[in-house]
Amino acid sequence: MLTSEEIEKIEHEISLVPVRKAACVEALKVVQQHRGWVSDDTLKAVAEFMEMSTAELDSVATFYNLIYRQPVGRHVILICDSVSCWVMGYENVREVLSDKLGIQYGQTTPDGKFTMLPNVCLGCCDHAPALMIDNDLYHDITPEKLDEILAKYA
Amino acid sequence: METPLTQHIVANRPPLSLKEYEQVGGYQSVRKVLKQMTPAEVTELVKASNLKGRGGAGFSTGMKWSFVPMDVPGPKYLICNADEMEPGTFKDRLLLEGNPHQLIEGMIVAAYAIQANVSYVFLRWAYKLAAHEITKAIQEAYDAGYLGKNILGTGFNLDMHLHTGVGRYICGEETALINALQGKRANPRAKPPFPQVSGLYGKPTIVNNVETLSCLPHIVNNGAEWFKGLSKSEDSGTKLYGVSGKVKRPGTWELPMGITVRELLEEYAGGMKDDVQFRGLLPGGASTDFLVEEHLDLKMDYPSITKAGSRMGTGTMIVLDDKTCPVGFVLNLQHFFAQESCGFCTPCRDGLPWVEKILLAMERGEGKPEHMNILEFHTQFLGPGNTFCALAPGAMEPLQSALKYFRADFERHITEHKCPWK
């Protein structure tokens with residue numbers, strides 16, 4: 001189930017820790033990077049490889065906000081919904097974005113391009129409101145800036 | 001005014017490379033401690049400097065180190081807590097992105113003091129630029145012989161690894177962070193035993209904040225008295241303060257410890273924006289009690305803010321203005337804490353969503369008079385001593401102080417059957 005490339009990367013992570021299991025989060029990150037999300041079958045395969053029970057690995061996987069146990073689009077938009085961004089009016093940005101894309105939190109656009117999720121404080125409070133798309137941070141967001149930002153993603 | 005921690009950080013310019021950092025005196029403290037000092041002397045120096053942990057708790061760093069049993073065989077670990085996820089906090093980002101070598105240098109000093117041979121930087125996933133800079137800096141430090149085996153020919157070994165988390169606030173709690181590093185659910189552990197005695201893989205472990213560790217090279221180079229002299233208060237050193245909310249110039253500044261709340265708010269952050277008035281602020285992140293007008297001349301240091309019934313926390317304040325609903329503000333905070341509760345202990349797991357639900361009802365005009373008592377009850381029931389870790393008590397701090405200072409606003413929501421700000 002796991003590709004040789006995934007196995008190689010996971011083996012490397014295992015080599016850095018004294019206990020095999022300690023690399024399980026890294027292993028989940030590796031497969032998510034390759035597949036976009038972690039399906040039940042993928043989870044089973046990783047658990048077997050990590051010598052953990054599926055239940056134990058799933059308890060770890062579901063604990064974290066950014067291991068996706070459901071499919072996501074090609075790009076994930078994470079909107080900071082914490083207090084400084086709230087004071088600075090992120091809700092307006094979210095509503096406009098939601099209208100533009102035709103999706104709510106947790107949904108993916110029909111073309112599979114964007115998934116929109118809420119996220120806790122991005123540590124960018126002096127330039128609120130902030131959001132991230134994949135690895136890119138955007139701050140001082142106003143609804144007018146959204147088209148230009150979205151256009152960068154294919 | 002001296003700004004040791006940020007003096008080499010220039011906006012929109014990459015951080016100093018190892019060579020550039022060495023040219024401005026970088027890594028001198030590593031030479032000094034490894035070649036001229038015993039581990040005990042380093043710990044004593046840091047104790048004497050009165051450096052307190054900058055992650056929020058404000059515990060003496062030297063004291064924390066001194067709890068590590070030095071005569072126990074087997075590995076010891078040093079962990080840098082770079083999981084900055086306290087809402088309203090963005091100070092460690094500056095140090096991580098702006099001067100990663102300073103952090104690595106501080107980590108080598110700390111690791112030597114406790115004789116740890118393996119160290120980790122536990123970085124939050126969102127700090128992509130920081131991850132890039134730290135990865136590069138760690139490699140440079142290995143190449144230059146500051147990390148690895150037999151550092152500077154002294155026989156001291158230290159490995160350093162970057163671990164990037166996958167997003168959960170509770171990972172900032174040091175025992176939860178240790179569980180996360182071991183590949184477990186990041187539930188906090190019972191204390192005692194404290195991590196200093198039994199931490200990562202059951203071995204003695206020190207977890208220190210980014211800003212704390214970044215202070216160490218300067219303390220080693222310039223001495224404890226110099227570090228104390230940087231401050232305007234009984235707490236030593238400088239502090240990275242921050243302000244966010246509707247102020248004219250939100251930002252982060254390195255300032256002498258003990259500057260007043262008013263100076264920070266009015267001089268550095270430029271005061272409130274023209275169309276709003278000040279109502280209150282959380283002095284150090286989401287889990288601290290509100291301060292109001294009467295507190296503005298207090299010093300921003302650990303004892304002064306504690307005396308006022310709050311905590312300095314991370315030193316990055318979030319400002320509430322008169323055009324923003326205090327109930328909505330607290331609702332946002334409680335939503336955060338309810339979501340980020342690890343779910344291990346019942347008061348936190350069940351209590352926080354209840355609090356959130358009540359505040360949401362108030363915001364929708366469905367608040368009932370008895371809700372005030374239920375909220376009051378929770379501030380006690382989820383308070384210190386009743387939960388497994390500090391998450392729920394932290395969540396109750398802004399709520400209990402909001403009920404004290406903005407009580408009339410809560411009551412208006414109930415009597416007017418709507419949010420007066422909507």
Side-chain angles (χ1 to χ4, degrees), chain A residues 13-29 32 38 50-52 56-68 78 80-91 117-132 134-137 139-140, chain B residues 75 84-93 118 124-129 159 161 163-171 180-187 201 242-246 249-252 269 282 285-286 316 318-321 324 328-333 335-336 339-340 342-343 398:
Chain A
E13 296 299 338
I14 292 170
S15 75
L16 299 176
V17 289
V19 178
R20 189 177 183 89
K21 202 176 101 173
C24 74
V25 173
E26 297 296 341
L28 290 167
K29 279 156 71 178
Q32 180 163 293
V38 182
M50 297 308 294
E51 298 167 12
M52 295 167 74
E56 187 183 12
L57 185 65
D58 203 15
S59 82
V60 174
T62 54
F63 188 84
Y64 294 104
N65 298 330
L66 294 153
I67 296 296
Y68 304 133
L78 298 165
C80 176
D81 68 354
S82 288
V83 65
S84 302
C85 283
W86 179 79
V87 170
M88 300 308 287
Y90 94 84
E91 282 178 322
L117 294 171
N119 201 82
V120 298
C121 184
L122 290 170
C124 194
C125 320
D126 50 344
H127 291 286
L131 59 82
M132 282 181 81
D134 303 337
N135 291 333
D136 309 321
L137 175 69
H139 49 72
D140 301 296
Chain B
E84 182 167 71
M85 275 178 86
E86 180 76 22
T89 300
F90 47 99
K91 66 176 182 76
D92 292 337
R93 181 196 278 272
V118 180
R124 73 170 298 193
W125 67 276
Y127 286 7
K128 304 290 181 188
L129 178 59
D159 280 314
H161 307 291
H163 174 89
T164 322
V166 266
R168 205 64 200 264
Y169 171 67
I170 196 64
C171 293
L181 263 186
Q182 287 187 216
K184 298 180 179 180
R185 284 172 73 91
N187 294 332
Y201 305 110
V243 182
S244 66
K246 289 184 191 160
R249 290 191 302 273
T252 325
L282 305 178
T316 43
I318 311 154
V319 181
L320 172 70
D321 62 88
T324 301
F329 190 102
V330 177
L331 168 61
N332 179 281
L333 299 174
H335 168 73
F336 167 82
Q339 177 188 304
E340 294 300 313
C342 81

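Chain identifiers are assigned alphabetically (A, B, ...) following the order of the sequence lines, protein sequences preceding nucleic acid strands; residue numbering begins at 1 within each chain. This structure is a prediction, so every number in the text was calculated from the model and none was measured. Values below: all heavy atoms of this structure, side chains included; hydrogens, waters and symmetry mates excluded.
Heavy atoms only, all atoms of each residue included: A/Lys29 and B/Gly165 are closest at NZ-O, 4.4 Å. For the pair B/Arg124 and A/Val120, the tightest heavy-atom approach, listed with the atom from each and the gap, is NH2-O, 4.1 Å. Summarising the geometry of B/Ile318 relative to A/Ser84, their closest heavy-atom pair is CG2-OG, 3.8 Å, with the distance given to 0.1 Å.
For the pair A/Trp86 and B/Leu331, the minimum side-chain heavy-atom distance is 4.5 Å or more. When side chains are defined from C-beta on, B/Cys342 counts as touching A/Phe63, because their heavy atoms get closer than 4.5 Å. Using a 4.5 Å cut-off on side-chain heavy atoms (C-beta onward), A/Val19 and B/Gln182 make no contact.
There is no contact between B/Thr316 and chain A, counting heavy-atom distances below 4.5 Å. B/Leu181 touches chain A through its backbone: at least one of N, CA, C or O sits under 4.5 Å from a heavy atom, while the side chain does not. When heavy atoms are compared at a cutoff of 4.5 Å, B/Thr324 approaches chain A solely by way of its side chain, counted from C-beta outward. Interface remark: B/Asp321 contributes side-chain atoms only to the contact with chain A (heavy atom separation under 4.5 Å). Looking at B/Tyr127, the atoms closer than 4.5 Å to chain A (heavy atoms on both sides) all sit in the side chain, from C-beta outward. For A/Val60, the parts lying near chain B are the backbone and the side chain together; criterion is any non-hydrogen pair under 4.5 Å. Heavy-atom distances place the side chain of A/Leu78, and not its backbone, under 4.5 Å from chain B. At a 4.5 Å heavy-atom cutoff, the contact between B/Phe336 and chain A is made by side-chain atoms alone. Only the side chain of B/Ile170 comes within less than 4.5 Å of a heavy atom in chain A; its backbone stays farther off.
When the candidates B/Lys128, B/Arg185, B/Arg249 are compared by the number of heavy-atom contacts under 4.5 Å with chain A, B/Arg185 comes out ahead. Counting heavy-atom pairs closer than 4.5 Å to chain A, the top-ranked of the candidates B/Ala269, B/Gly343, B/Gly328 is B/Gly328. When each of B/His335, B/Met85, B/Lys246 is checked for heavy-atom pairs under 4.5 Å with chain A, B/Lys246 comes out on top.
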>> Go through it in stages, so that I can follow the logic: the residues are B/Val166 and A/Gln32, the test is side chain to side chain contact (heavy atoms under 4.5 Å, CB included), and I'd like the CA-CA distance, side-chain angles, deciding distance and then a yes or no.
In response: CA-CA 11 Å; B/Val166 266; A/Gln32 180 163 293; over 6 Å; no
> When you look at A/Met88 and B/Ser244, which way does the side chain to side chain contact (heavy atoms under 4.5 Å, CB included) test go after all the steps?
Replying inline: CA-CA 9 Å; A/Met88 300 308 287; B/Ser244 66; over 6 Å; no
>> One pair to check against side chain to side chain contact (heavy atoms under 4.5 Å, CB included): A/Asn65 and B/Gln339. What are the steps and the verdict?
In response: CA-CA 10 Å; A/Asn65 298 330; B/Gln339 177 188 304; 4.2 Å; yes
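Taking A/Glu13 as the reference, A/Leu16, A/Ala23, A/Glu26 meet the side-chain contact (heavy atoms from CB on, under 4.5 Å) condition, with sequence neighbours excluded. A search for side-chain contact (heavy atoms from CB on, under 4.5 Å) contacts involving B/Cys171 returns A/Tyr64, B/Asp83, B/Phe122, B/Arg168, B/Ala180, B/Ala186, not counting sequence neighbours.
Distance NZ/B/Lys91 to SG/A/Cys125: 12.5 Å, rounded to 0.5 Å.
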